[in-house]
Amino acid sequence: MNTQVKALIDRLANRHTLDREELLTLLEQRTPEAAEYLLEKAREVRHAVYGREVYMRGLIEFTNYCKNDCYYCGIRCSNHKAQRYRLTREEILQCCAQGYALGFRTFVLQGGEDPFFTDEKVAEMVRAIKQAHPDCALTLSIGERSRESYRLFRGAGADRYLLRHETANADHYAKLHPPALTLERRKRCLRDLKELGFQVGCGFMVGSPYQTLEHLVDDLLFLGELEPHMVGIGPFIPHSETPFAGEPAGTLELTLCLLGMIRLLLPEVLLPATTALGTIHPTGREAGILAGANVVMPNLSPTSVRSKYLLYDNKICTGDEAAECRACLAGRMDSIGYTLAVSRGDYPSLSTGCPS
Ligand code: SAM
Ligand code: FES
């Protein structure tokens with residue numbers, strides 16, 4: 001193996017930081033052998049922090065209405081072919097109850113930016129879920145709102161918030177989004193959320209159109225700046241009814257390499273092996289866990305709406321019941337020597353005496 005690359009991986013593993021030039025060199029000069037070494041180091045760190053446990057998050061995709069028009073996203077408002085749906089409060093609570101019985105102790109409410117769900121409606125939903133399941137963590141992933149809205153959600157009992165930054169390079173951001181959406185605002189939301197005491201997740205797509213390795217270095221440096229509790233990354237996958245329909249998908253190889261680098265940069269971070277990773281490769285999620293990831297997010301949405309929350313083409317698990325998804329993932333984790341944990345799965349330094 002190239003000795004310079006090996007030295008960089010060792011430094012990343014030991015000091016959890018590299019500068020811009022070093023990160024770029026590592027990405028540019030990586031070879032299959034170097035990647036194998038990187039992932040081995042990432043696994044060592046993952047085992048030291050989390051052992052062989054994998055945390056589960058029950059994902060409830062409660063609305064696919066969205067007022068935004070992100071160029072990459074299958075549920076963007078310009079996609080008139082998307083069949084729109086909203087789950088009722090009762091349906092959402094039923095998903096949680098079913099998930100609870102299956103061992104889920106974290107629920108993630110995700111949706112497009114749907115004005116129907118006013119701040120008060122969201123807060124009310126949060127209160128109802130926390131009342132029904134006080135021992136569970138609740139994560140929101142409903143996009144950009146004001147600091148005051150986020151304060152309301154936090155006060156209602158929401159514990160965590162996922163808001164991928166998508167790309168930390170402003171020029172690149174402008175190539176993926178219409179002018180109304182800016183990186184500056186996205187970053188401000190993330191800072192607001194952190195200041196309000198949420199466990200915060202940012203993240204980005206790997207291989208999104210126009211992305212360069214320099215952009216990925218910007219992303220990694222941004223993670224060092226924000227110090228999020230969670231980082232969601234997965235390959236970009238084209239959707240046929242978007243402007244990026246003809247663009248190639250991100251690769252498994254680069255996504256795994258980035259998962260490994262993120263585990264070394266932020267040893268305690270909660271890092272999912274995403275559904276998108278499982279979509280581009282039959283054993284993508286297992287490979288993600290073996291690259292340092294420690295979270296999976298099976299779907300708890302009712303099967304009747306599953307195939308309508310299509311962010312990209314060929315999404316997996318759209319026909320499976322929640323119980324089947326859980327059993328399937330348990331088997332997959334078992335096959336690589338890991339086990340699904342029945343726990344909230346908080347960020348380690350927050351899990352004792354943590355603000356709930
Ligand atoms: N509206 C919320 C938000 O903006 O955070 C949550 C829903 S949004 C669909 C969730 C994530 O899906 C986005 O942050 C994006 O990274 C990812 N996503 C959207 N389209 C995608 C695609 N074509 N391929 C892979 N991931 C995609
Ligand atoms: Fe709004 Fe994708 S454009 S969720």
Side-chain angles (χ1 to χ4, degrees), residues 57 59-80 82 84-86 108-117 122 139-145 149-150 153 160-168 172-173 175-178 180-183 185-187 189-190 192-193 198 200-211 215 219 228 230-252 254-255 258 272-281 284 288 297 299 301 308-316:
R57 313 322 195 179
L59 185 63
I60 302 169
E61 297 158 336
F62 71 100
T63 173
N64 72 350
Y65 282 87
C66 189
K67 64 179 162 65
N68 290 338
D69 216 13
C70 305
Y71 303 149
Y72 46 83
C73 183
I75 59 170
R76 63 200 297 265
C77 63
S78 292
N79 179 9
H80 301 296
R84 305 288 170 173
Y85 73 90
R86 293 184 178 107
V108 182
L109 284 190
Q110 190 181 81
E113 292 197 15
D114 180 357
F116 172 85
F117 286 99
V122 173
T139 307
L140 292 176
S141 177
I142 55 173
E144 299 177 16
R145 298 222 180 181
S149 312
Y150 290 151
F153 303 157
R160 309 183 186 136
Y161 205 103
L162 295 178
L163 185 75
R164 289 186 175 185
H165 63 280
E166 311 299 359
T167 168
H172 186 218
Y173 198 94
K175 292 188 170 139
L176 301 180
H177 302 94
L181 298 173
T182 65
L183 177 61
R185 183 167 147 82
R186 200 86 179 162
K187 282 186 174 176
C189 288
L190 283 165
D192 284 344
L193 288 161
F198 283 95
V200 171
C202 64
F204 54 91
M205 290 176 290
V206 178
S208 59
Y210 309 107
Q211 185 180 66
H215 294 148
D219 288 319
M230 312 170 271
V231 177
I233 71 162
F236 158 77
I237 305 175
H239 185 289
S240 55
E241 296 298 326
T242 65
F244 293 154
E247 298 289 334
T251 64
L252 179 71
L254 184 54
T255 310
L258 285 156
T274 56
T275 305
L277 200 51
T279 297
I280 58 161
H281 191 279
M297 299 176 68
N299 207 314
S301 312
K308 297 178 183 160
Y309 197 85
L310 290 186
L311 310 178
Y312 45 79
D313 293 336
N314 306 317
K315 188 179 171 193
I316 54 169

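Just follow the structure's listing: the first ligand is 1, and inside any ligand the first atom is 1. Everything numeric in this text was worked out from a predicted model, so none of it was measured.
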S.K.: Please confirm whether His239 comes under 4.0 Å of ligand 1, counting heavy atoms of the residue only.
M.R.: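 Flag not set, His239 not near ligand 1.
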
S.K.: With a cut-off of 4.0 Å, which atoms of ligand 1 are near a heavy atom of Leu311?
M.R.: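 It comes down to these atoms of ligand 1: 9 (C), 12 (O), 20 (N), 22 (C), 23 (N).
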
S.K.: Which residue holds the protein heavy atom closest to atom 2 (Fe) of ligand 2, what is that atom called, and what is the gap in Å?
M.R.: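 Of the protein heavy atoms, Cys73 SG, 2.3 Å lies nearest.
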
S.K.: Say whether Gly250 and ligand 1 are in contact under the criterion: heavy-atom distance to a ligand atom below 4.0 Å.
M.R.: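 It does not, in that no heavy atom of Gly250 comes within the 4.0 Å cut-off of ligand 1.
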
S.K.: Could you tell me whether Ser141 approaches ligand 1 through its side chain, its backbone, both or neither, with non-hydrogen atoms closer than 4.0 Å?
M.R.: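 The answer is both.
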
S.K.: So, 4.0 Å and heavy atoms of Gly111: is ligand 1 close enough to count as a contact?
M.R.: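 Checking ligand 1 against Gly111, which is what was asked, there is a heavy-atom contact under 4.0 Å.
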
S.K.: Any atoms of ligand 2 less than 4.0 Å from a non-hydrogen atom of Cys70? List them with their elements.
M.R.: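 Heavy-atom distances to Cys70 below 4.0 Å select 3 (S).
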
S.K.: Parallel, tilted or perpendicular: which fits the ring planes of His172 and His215, with parallel below 30° and perpendicular above 60°?
M.R.: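 If you compare the ring of His172 with that of His215, the planes turn out parallel.
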
S.K.: May I ask you to check whether Tyr72 has an N/O atom sitting below 3.5 Å from an N/O atom of ligand 1?
M.R.: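 Yes; at least one N/O pair falls below 3.5 Å.
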
S.K.: Counting heavy atoms only, which of Arg186, Glu247, Arg76 comes nearest to atom 5 (O) of ligand 1?
M.R.: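 Minimum heavy-atom distance to atom 5 (O) of ligand 1 goes to Arg186.
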
S.K.: Could you check whether any side-chain heavy atom of Leu176 comes within less than 4.5 Å of a side-chain heavy atom of Ser208, counting everything from C-beta outward?
M.R.: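 They are in contact (side-chain heavy atoms under 4.5 Å apart), so the answer is yes.
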
S.K.: Using a 4.0 Å cutoff against the non-hydrogen atoms of Arg76, which atoms of ligand 2 qualify?
M.R.: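 What qualifies from ligand 2 is 3 (S).
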
S.K.: Mind checking the CD1-SG spacing from Ile75 to Cys66? Nearest 0.5 Å is all I need.
M.R.: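 The SG atom of Cys66 is 5.5 Å from CD1 of Ile75, to the nearest 0.5 Å.
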
S.K.: Between Tyr309 and ligand 1, which residue portion shows a heavy-atom distance shorter than 4.0 Å: side chain, backbone, both, or neither?
M.R.: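 Near ligand 1, Tyr309 shows its side chain, while the N, CA, C and O stay back.
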
S.K.: Any protein heavy atom lying closer than 4.0 Å to atom 8 (S) of ligand 1?
M.R.: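 So far as the 4.0 Å threshold goes, atom 8 (S) of ligand 1 is out of reach of every protein heavy atom.
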
S.K.: Quick one: does NZ or CZ of Arg76 land under 6.0 Å from the six-membered ring centre of Tyr71, within 45 degrees of the ring axis?
M.R.: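 No; the conditions do not both hold, so Arg76 does not lie above the ring face of Tyr71.
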
S.K.: Tell me the protein heavy atom at minimum distance from atom 1 (Fe) of ligand 2, and give that distance in Å.
M.R.: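 The closest heavy atom on the protein side is Cys66 SG, 2.1 Å.
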
S.K.: What protein heavy atom lies closest to atom 13 (C) of ligand 1? Include the residue and the distance to one decimal.
M.R.: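 Looking only at protein heavy atoms, the one closest to atom 13 (C) of ligand 1 is Glu166 OE2, 3.2 Å.
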
S.K.: Do His165 and Lys187 have side-chain heavy atoms sitting under 4.5 Å apart?
M.R.: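 With C-beta onward as the side chain, the pair stays apart.
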
S.K.: Heavy-atom contacts under 4.0 Å between Ile75 and ligand 2: side chain, backbone, both, or neither?
M.R.: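 Looking at Ile75 and ligand 2, just side chain atoms fall under 4.0 Å.
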
S.K.: Are any of the N or O atoms of Leu163 closer than 3.5 Å to those of ligand 1?
M.R.: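 Not met; the criterion fails.
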
S.K.: Whether Lys175 and Glu247 form a salt bridge (side-chain N of Lys/Arg under 4.0 Å from carboxylate O of Asp/Glu) is what I want to check.
M.R.: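 Looking at Lys175 together with Glu247, the answer is no, because their closest N to O distance does not fall below 4.0 Å.
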
S.K.: Do His177 and Tyr72 meet the criterion of a side-chain donor-acceptor pair at a distance under 3.5 Å?
M.R.: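 Looking only at side-chain atoms, Tyr72 and His177 do form a donor-acceptor pair, the distance falling under 3.5 Å.
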
S.K.: Give the minimum heavy-atom separation between Gln211 and Val206, together with the two atoms involved.
M.R.: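 Scanning both residues, the minimum pair turns out to be OE1-C, 3.5 Å.
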
S.K.: Between Tyr65 and Tyr85, does the ring centroid distance fall short of 6.0 Å?
M.R.: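 Between Tyr65 and Tyr85, the centre distance exceeds or equals 6.0 Å.
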
S.K.: Work out which heavy atom in Ile280 is nearest to a heavy atom in Leu252; give both atom names and the distance.
M.R.: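 Heavy-atom minimum between the residues: CD1-N, 3.5 Å.
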
S.K.: Which one holds for Glu144 and ligand 1: side chain close, backbone close, both close, or neither close, with close meaning a heavy atom under 4.0 Å?
M.R.: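 For Glu144, there is no contact with ligand 1 at all, from either part.
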
S.K.: Gly112 heavy atoms, cut-off 4.0 Å: which ligand 2 atoms fall inside?
M.R.: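 Ligand 2 atoms under the 4.0 Å threshold to Gly112: 4 (S).
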
S.K.: Regarding Glu113 and Asn68, do their side chains bring together a donor and an acceptor under 3.5 Å, going by distance alone?
M.R.: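 Yes, a side-chain donor-acceptor pair sits under 3.5 Å.
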
S.K.: Please write down residue, atom name and distance for the protein heavy atom closest to atom 27 (C) of ligand 1.
M.R.: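 Ranking protein heavy atoms by distance from atom 27 (C) of ligand 1, first comes Met205 SD, 3.5 Å.
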
S.K.: Looking just at side-chain N and O atoms, do Asn314 and Thr279 make a donor-acceptor pair shorter than 3.5 Å?
M.R.: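 Thr279 and Asn314 do not have a side-chain donor-acceptor pair below 3.5 Å.
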
S.K.: Heavy-atom distance to atom 11 (C) of ligand 1: which of Lys67, Arg164, Glu61 wins?
M.R.: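 Heavy atom nearest to atom 11 (C) of ligand 1 belongs to Arg164.
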
S.K.: Does the N or O separation between Ile237 and ligand 1 drop below 3.5 Å for any pair?
M.R.: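 The answer is yes, given that Ile237 and ligand 1 share an N or O pair closer than 3.5 Å.
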
S.K.: Is it true that Lys67 and Asp114 make a salt bridge, defined as a side-chain N closer than 4.0 Å to a carboxylate O?
M.R.: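 No, no charged N to carboxylate O under 4.0 Å.
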
S.K.: Measure Pro235 to ligand 1 on non-hydrogen atoms and call it side chain, backbone, both or neither using the 4.0 Å cut-off.
M.R.: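 For Pro235, the contact with ligand 1 is made by the backbone alone.
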
S.K.: Among all protein heavy atoms, pick out the one at the shortest distance from atom 10 (C) of ligand 1; state its residue, atom name and that distance to 0.1 Å.
M.R.: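 Of the protein heavy atoms, Gln110 NE2, 3.9 Å lies nearest.
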
S.K.: Is Tyr312 close to ligand 1, meaning an N/O of one under 3.5 Å from an N/O of the other?
M.R.: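 N/O-N/O distance below 3.5 Å does not exist for this pair.
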
S.K.: Can you see which heavy atom on Ile237 is nearest to which on Tyr312, and at what distance?
M.R.: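 In terms of heavy atoms, the two residues are closest at O-CB, 3.2 Å.
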
